[in-house]
Amino acid sequence: MAEKPPLPTDDAEESHWLDEGQVETQFGPGQVAGGGAEGQDRPAWDSKLQYVLAQVGFSVGLGNVWRFPYLCHQNGGGAFMVLYVILLVVIGVPLFFMELAAGQCIRQGSIGVWKHISPKLAGIGYSSCLVCFYVALYYNVIIAWSLFYMGNSFQYPLPWEQCPIDTATNNTVKECEGSSPTSYFWFRKALDITNSIDESAGFNPIMTGCLLAAWAIVALGMIKGIKSSARVMYFSSIFPYVVLIIFLVRGLMLDGAMEGIAYMFYPKVETWAEVQVWRQAATQVFFALGLGYGSVIAYSSYNPVNNNCHRDALMVSGINFMTSVLASLVVFVVLGFRAKNITLRCVADNLGLLGEEASHWSEQPWWPQFNVSDPSSVSIGEYQEWFSHYGSLAGPNITDCDLDKEMNKGVEGTGLAFIAFTEAMALFPASPFWSTLFFLMLLNLGLSTMFGTMQGILTPLMDNFSLLGRHRTVLTVSSCALGFLIGLLFTQRSGNYFVAMFDDYSATLPLIIVVVFETYSVSWVYGADRFLDDIEVMLKWRPPVVYKYLWKYVCLLAMVGLLVASILRMFFKWPTYTAWNENTASEDSLKYPGWALAMITVLIIIPTLPVPIGYVYSTLRSRGASRLRPQDAAVAGCVAIVGQDVHREMYTKCSSMERLDAALEEEEEEEDEKQRGVAACSRVGFLSGCSEEHYQLLPQRAELELEEEQEEDTVV
């Protein structure tokens, strides 16, 4: 199929900031940017199932299990789910489709895709790589925690079922007695945490070893590229669904399961009036699909050009949402069981206290009408109703037993996985089996996301730097070794506070900025109409025109609004973190010290710097080229155009093999013309400025330019 010329759309005037000497390229078949591995040598997925499992494995991560249920519970239950679906359809799916289509068409990583539109946009890809590296650093620490807990699950009873005994006093350890066995095991045995981020107190040797094991697993899974990681995906992507279904079936048999489900899904439509709810829903859509990381682009770049990426976008987004719902059901079924057990135990303890005073108070008018000597016959509702009326008369030792209050405890992030869920599983029959199964599921969820994150780093680098592309194994192992060394920051006794810092600040703002530039680049700089034309060439049918308006207006404005809301929230609310106080055996909210605020600022600024730096560098370079003498400019222009044409024809990233053969034949014909010194300059209107010797020197100069570019790539 012949290459389409740029369409004369109204989007062209928005790209006026591109220099006149800058060639604005077309996404269509036969186009590629950058100097990666040749298209015919590029790896490919063995099957469509392999690719889908990889995309699902990357997008479905730990956030689906411990972040979405919490947001759903805190922001209106069923009403939040409806809001989430609306934002997923209007914002999430169009942006996900855009990244899939761009990667599949150009068959490059994130750097090559945006450099293909314009070299001035190459910084977007480098920003994505930096954010991926940030996320990989702390995400692998969570995998290390899962390895530690899974290793401790092979014993009975589980080590977090009971408080340990202090051998010096022969009493229960005070810190555990003041909190709970699961909280004590998490904060003291697993993390051995300090009281604040200011206290380092050395490394945690056990967690350091677990982190080394986690990075070794990632390196082994990635060492052969997508060929090795894809085989692991067959297990790591499917196994979590098996475990979730098993937990759901088992959980529905537990007492308190229905209370947990009702508590989660009860709709509170009034929450739609709160800006904070919309911000959290949009942020969850954004992170659930993995937008801006570059991993989606990297995975899709290994697809055949005629793959139906539109169907993939709808399918992966739907699977992602249904996984979040399934995980929410499992979480609140188990939390409902846990909360009801704790509440019934509270009722029994209070009735026992009342029974001790029955001889003194039984004649009082406030004395309960139910049988205090038989706690099993008293429901939680009966006790709460009595306490609401007469609890204050019964004395300070009689406390309220609130099921809702227990449901609110420890339902987000690490508090859910390593405290609340472990406490609930300790109540299961055969608890070591369920604990092993749960943490093996977390391990697989983390690994599948980790593989995608690392692919978002390695693929763009190998595509754009030929030296790195030729040494894939060395690059993979070196990246994992570097990640481990920097990750030692998180294995300090204060490391959990740094994990929270990176999770809250290192990815949020930089990723939103990256997606804003991505959306603007495709819809305004390149042109939404042209992008749809190129997708039509790939898919043999044109996607609905509504995508044009969603990309140009709805998605872009929504991302800008989310960016502004996130920045305002940071300025109006002093950054805080949750610290564990060993003396009070409780969690406190502390403000970050000054040096930590400076670190947060650096974490946000560094990943965003490549965008302006790439723009300024490309601008200065093109201005330098424009200062050449007229005859040198003519030759340079000929070299650029000829080199670009040869480069495009050689790779044919969006073409089939038949088109490749045709392109190679055309290249040979053009080479003959260049030897005669006719065609090259006539293309750019430089005939009057080119002499015969210029024609003869043109191939040599082009060859020298190409060698200089390769040297620059190697230096970088």
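Nothing fancy with the numbering, it's 1 onward along the sequence.
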Side-chain donor/acceptor of S127 to backbone N/O of P607, under 3.5 Å: yes

Tell me if the CH2 atom of W574 is crowded by more than 12 foreign heavy atoms within 6.0 Å. no

Hey, what's the ring geometry for W595 with F498, parallel, tilted or perpendicular (30° and 60° as the breaks)? tilted

Please check: side-chain N/O of T491 versus main-chain N/O of T208, any donor-acceptor pairing under 3.5 Å? no

Would you check if the side chain of R493 reaches a backbone N or O of D192 as a donor-acceptor pair within less than 3.5 Å? yes

Within the side chain of S128, is there an N or O that forms a donor-acceptor pair under 3.5 Å with the backbone of G292? yes

Which heavy atom of V334 sits nearest a heavy atom of F421, and at what distance? CG2-CZ, 3.8 Å

Return the minimal non-hydrogen interatomic distance between L137 and F502, and the atom names on each side. CD1-CE2, 4.4 Å

The single option from F185, Y138, F490, W186 passing ring-ring contact (aromatic ring centres under 6.0 Å, His included) against W145: W186

Test salt bridge (Lys or Arg N to Asp or Glu O under 4.0 Å) applied to E274 - qualifying residues, sequence neighbours left out: none

For F203 and L488, work out which heavy atoms get closest and say how close. CE2-O, 3.2 Å

Set out, in order, the CA-CA distance, both residues' side-chain angles and the distance that settles side-chain contact (heavy atoms from CB on, under 4.5 Å) for V243 and N444, then state yes or no. CA-CA 11 Å; V243 176; N444 280 275; over 6 Å; no

Kindly check if the number of other-residue, nucleotide or ligand heavy atoms within 6.0 Å of CD1 (I206) is above 12? no

Could you go through M81 and F68, starting from their C-alpha distance and side-chain angles, then the distance that decides it, and tell me whether this counts as side-chain contact (heavy atoms from CB on, under 4.5 Å)? CA-CA 10 Å; M81 280 197 174; F68 182 85; 3.9 Å; yes

Under the side-chain hydrogen bond (donor to acceptor under 3.5 Å, both in side chains) test, residues paired with T343 that sit two or more places apart: none

Ring centroid separation W434 to F247 under 6.0 Å: yes

Derivation of the side-chain contact (heavy atoms from CB on, under 4.5 Å) call for V296 and L289: CA-CA 9 Å; V296 174; L289 295 176; over 6 Å; no

Please determine whether side chain to side chain donor-acceptor pair (under 3.5 Å) holds for the pair S431 and E161, giving the CA-CA distance in whole Å, both sets of side-chain angles, and the decisive distance to 0.1 Å. CA-CA 10 Å; S431 54; E161 285 190 18; 3.0 Å; yes

Donor-acceptor pair, side chain of R472 and main chain of I223, under 3.5 angstrom: no

When the aromatic ring centroids of F438 and Y149 are compared, is their separation below 6.0 Å? no

Using the side-chain contact (heavy atoms from CB on, under 4.5 Å) criterion, which residues pair with S589? Sequence neighbours excluded. T576

Cation-aromatic face contact R250/F428, 6.0 Å, 45 degrees: yes

Are K189 and W160 close enough, and set up right, to give a side-chain contact (heavy atoms from CB on, under 4.5 Å), and what steps lead you there? CA-CA 9 Å; K189 294 296 183 181; W160 52 80; over 6 Å; no

Test side chain to side chain donor-acceptor pair (under 3.5 Å) on T323 and Y241 and set out the steps. CA-CA 8 Å; T323 305; Y241 290 96; 2.7 Å; yes

